[in-house]
2 protein chains.
Amino acid sequence: MTPVTLADVAREAGCSAKTVSNVVLGRPGASAETRVRVLDAVSRLGYIGDPAGRQLASGRTGRVAIVVPRLYQPYFAETAERLVLEIEGRGMTSTLVVAHDLETELRAVTAARDVDGVILCPHAVTDEMLDVTPPNRPTVQLGAYASRHFDRVVMGEYEGFRRLAGHLLAQGRRRIALIWSGEEGSEPRGPRFDGYRDALADAGIRHDPELVAFGSDWDRRASGFEAMTALLATGRRFDAALCVNDAMAIGAMRVLRTRGVRVPDDVAVTGFDDTVEGAFLVPALTSASPRGDEMVAAAVRMLVERIEGYDGPLREVQTGADLVVRASA
Amino acid sequence: MTPVTLADVAREAGCSAKTVSNVVLGRPGASAETRVRVLDAVSRLGYIGDPAGRQLASGRTGRVAIVVPRLYQPYFAETAERLVLEIEGRGMTSTLVVAHDLETELRAVTAARDVDGVILCPHAVTDEMLDVTPPNRPTVQLGAYASRHFDRVVMGEYEGFRRLAGHLLAQGRRRIALIWSGEEGSEPRGPRFDGYRDALADAGIRHDPELVAFGSDWDRRASGFEAMTALLATGRRFDAALCVNDAMAIGAMRVLRTRGVRVPDDVAVTGFDDTVEGAFLVPALTSASPRGDEMVAAAVRMLVERIEGYDGPLREVQTGADLVVRASA
DNA sequence: CTGAAAGCGCTTACAG
DNA sequence: CTGAAAGCGCTTACAG
């Protein structure tokens with residue numbers, strides 16, 4: 001019950017290892033007749049091949065690393081699942097790296113082993129760090145900041161937030177609070193903020209810095225909880241809460257609900273990501289969908305191109321965002 | 001910028017490849033002096049080693065497959081994350097298989113390639129199928145049915161449900177509905193049901209089969225939604241809903257809340273899994289925690305033992321469950 | 001269309 | 001404590 005090798009198959013089929021290899025890899029170079037004999041032998045012997053041998057000889061691992069900061073948040077779980085399936089659909093395998101800390105994240109990108117390429121959902125890594133030690137494999141970035149080191153899929157953050165804010169304004173909401181991520185007292189910025197600000201401008205309204213509350217980690221429900229708790233403590237009035245994503249919206253909504261604030265009657269709440277979890281909240285969360293399938297397909301496509309030798313300039317794919325109106329706004 | 005090999009390091013350090021290998025693997029067989037020279041050369045050259053070569057020569061991949069039916073449900077996302085980290089903590093890597101269908105699940109266990117072992121969260125595979133084609137790698141099962149093919153970690157399902165039901169009964173709840181998973185009209189069974197039934201027996205109450213509602217997939221919020229909708233449609237009265245897990249509880253609670261049924265005043269609701277998502281519901285979901293860390297540690301430990309040659313009889317580790325009382329019951 | 005040989009980067013007995 | 005050689009299972013030029 002020792003594993004079946006290429007040589008075993010070759011012997012059984014009465015041809016050389018090279019021919020078996022060609023057939024198994026679906027390459028030309030084997031008569032129809034030989035091909036049948038080989039495939040017969042393969043299934044008779046139960047040959048499944050040894051990736052290590054293939055890898056050593058070809059220099060290809062057929063494996064892609066998926067790097068996420070964590071998995072227990074809906075956005076990453078859903079994204080990782082999509083990536084795993086998309087990669088499998090391409091006949092490759094994946095290895096999941098949960099990069100809880102900066103060191104792990106950096107190592108996954110700059111000292112990748114055992115993979116042909118990397119798909120990174122960045123969390124803590126910056127361009128400055130990568131200037132010192134650049135990526136050692138083709139790498140594609142999914143979401144987040146614009147890096148000068150990676151091909152990149154840009155999520156429809158601007159578009160999504162412009163639509164969400166527009167939706168709130170169309171309802172007559174005028175005092176829109178931001179449940180944001182960042183340092184207390186900092187200025188919100190980035191495409192999500194820009195989308196919001198431009199929607200406000202369209203309506204002739206100015207952004208009120210007093211209505212911004214920050215959570216320490218954009219990716220935790222508890223951050224939304226903290227931020228909303230702090231905002232309520234200021235006593236400032238607002239009729240909507242535009243939250244940086246579903247996770248923070250879920251925490252924020254929990255505060256409102258437990259304080260007896262009616263959603264959406266008193267305060268409308270929106271998220272971003274269109275998670276299943278948000279759809280099951282009461283009231284169901286209005287959100288924007290970043291079109292995960294599109295993002296993932298674009299990321300994998302660009303990575304495969306790089307792996308296969310494309311060596312042109314950095315590329316950026318911009319994906320869209322759809323408004324998903326539910327009950328909370 | 002071609003990758004640095006063992007031979008490069010050996011040349012740089014002035015010794016043989018074998019010696020470098022020994023040092024890198026932390027094996028005896030190198031004087032302190034040589035060791036320093038080698039480690040110096042390693043860091044000077046930036047040697048990181050090639051897993052393919054190591055794998056081919058040693059027969060070990062240093063990689064474990066984690067097989068889950070899906071990732072976008074909290075239980076699996078949280079479990080997969082714990083497994084990835086535990087495996088990394090053992091100096092191994094992991095590959096995540098999302099087995100959406102039976103064929104993929106079966107293949108992951110019976111035709112595993114490129115891994116030393118498998119940790120399986122079973123979904124559709126049965127012992128009968130495995131009798132035909134047995135696992136081709138050491139495999140440990142996490143949760144679910146008792147298999148005659150795997151070492152197994154048994155979740156504290158019985159204990160958890162006995163406690164949850166006991167908690168409901170202690171509040172004076174007498175008409176406890178089951179939001180269960182399975183075929184419409186079937187009989188609930190398994191350790192979760194047994195725990196519930198025994199708690200009922202302690203209180204001198206009989207299980208009422210009329211108060212069971214089924215969802216098609218135990219692992220979807222939508223199943224809980226369906227089941228509770230169907231149960232309400234029967235018009236039967238109940239003062240508690242013991243749900244098979246958090247996912248179904250979330251769906252069930254959504255129905256109650258949108259229908260104006262007060263939770264927990266009219267109906268108490270409980271889940272199982274102690275997910276973060278449940279903790280952020282309004283009202284926060286009372287649940288039972290299966291001690292994920294304990295389960296994961298036991299599973300990985302048993303798998304590593306098998307990989308390292310343990311060949312004794314099948315083992316079973318039973319883990320406990322803690323009651324987590326929140327607002328919903 | 002097919003074969004024989006070399007070689008990918010490592011580890012592992014076997015010597016010394 | 002260290003070295004030289006063989007070999008893990010494949011693919012890849014090179015021949016024919």
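Every chain is numbered from 1 and lettered A, B, ... according to where its sequence line falls, protein lines coming before strand lines. Please read these numbers as outputs of a predicted model, since none were measured by experiment.
- A salt bridge does not link B:Asp50 with A:Arg113: every distance from a Lys NZ or Arg NE/NH1/NH2 to an Asp or Glu carboxylate oxygen is 4.0 Å or more.
- Here the nucleotide nearest the side chain of B:Leu25, chosen from D:dT2, D:dT11, C:dT11, is C:dT11.
- Side chain to side chain, B:Asp116 and B:Thr61 meet the donor-acceptor criterion of an N or O pair below 3.5 Å.
- The pairing partner recorded for C:dG16 is D:dC1, the criterion being a Watson-Crick or G-U wobble arrangement whose two distances lie under 3.5 angstrom.
- B:Arg27 comes within contact range of the sugar-phosphate backbone alone, with a heavy-atom separation under 4.0 Å but no base atom that close.
- Remark on DNA chain D: of its neighbouring residues B:Ala32 and A:Ala52, the 5'-side contact belongs to B:Ala32, judged by nearest-heavy-atom nucleotide.
- Using a cutoff of 4.0 Å between basic side-chain nitrogens and carboxylate oxygens, B:Asp217 and B:Arg70 are scored as salt-bridged.
- Atom CG of A:Leu6 and atom P of D:dT12 are 12 Å apart (whole Å).
- With distances taken from any side-chain atom of A:Asp50 to the nucleotides D:dG9, C:dG3, C:dG9, the minimum falls on D:dG9.
- If you take CD of A:Gln55 and P of D:dT12, they are 13 Å apart, rounded to a whole angstrom.
- If you take CZ on A:Arg107 and CD1 on B:Ile48, they are separated by 11.0 Å, rounding to the nearest 0.5 Å.
- In the set C:dG3, D:dC1, D:dG9, the nucleotide with an atom closest to the side chain of A:Ala57 is D:dG9.
- If you take CG of A:Leu56 and C1' of D:dG7, they are 12 Å apart, rounded to a whole angstrom.
- The distance between atom CZ of B:Arg60 and atom C1' of C:dG9, rounded to the nearest whole Å, is 19 Å.
- Atom-to-atom distance recorded for A:Leu83:CG and A:Leu96:CG is 9.5 Å, nearest 0.5 angstrom.
- For the pair A:Ser21 and D:dT12, the criterion of a side-chain N or O lying under 4.0 Å from OP1 or OP2 is not met.
- Closest contact between the side chain of B:Ser31 and the listed nucleotides D:dT2, C:dT2, C:dC10 involves D:dT2.
- Phosphate contact (OP1/OP2 of C:dT2, side-chain N/O of A:Thr34, threshold under 4.0 Å): present.
- Between the P atom of C:dT11 and the NZ atom of B:Lys18 lies a distance of 11 Å, rounded to the nearest Å.
- Candidate nucleotides C:dT11, C:dG3, D:dG9 were compared by shortest atom distance to the side chain of B:Ser58, and C:dT11 ranks first.
- Following rounding to the nearest Å, B:Ile48 (CD1) and C:dG9 (P) show an atom-to-atom distance of 13 Å.
- Between the CG atom of A:Asn22 and the P atom of C:dT2 there is a distance of 9 Å, rounded to whole Å.
- Salt bridge absent: B:Arg82 and B:Glu86 never bring a charged side-chain N and a carboxylate O closer than 4.0 Å.
- At the phosphate of D:dG9, neither OP1 nor OP2 sits under 4.0 Å from any side-chain N or O atom of A:Arg54.
- Atom pair B:Tyr47:OH and C:dT11:C1' shows a separation of 11 Å (rounding to whole Å applied).
- The side chain of B:Thr5 lies closest to C:dC10 when the candidates are D:dT2, C:dC10, D:dT11.
- At the heavy-atom level, B:Gly59 lies nowhere under 4.0 Å from the strands shown.
- Distance from the side chain of A:Ala17 is smallest to D:dT11 among C:dG3, D:dT11, C:dT11.
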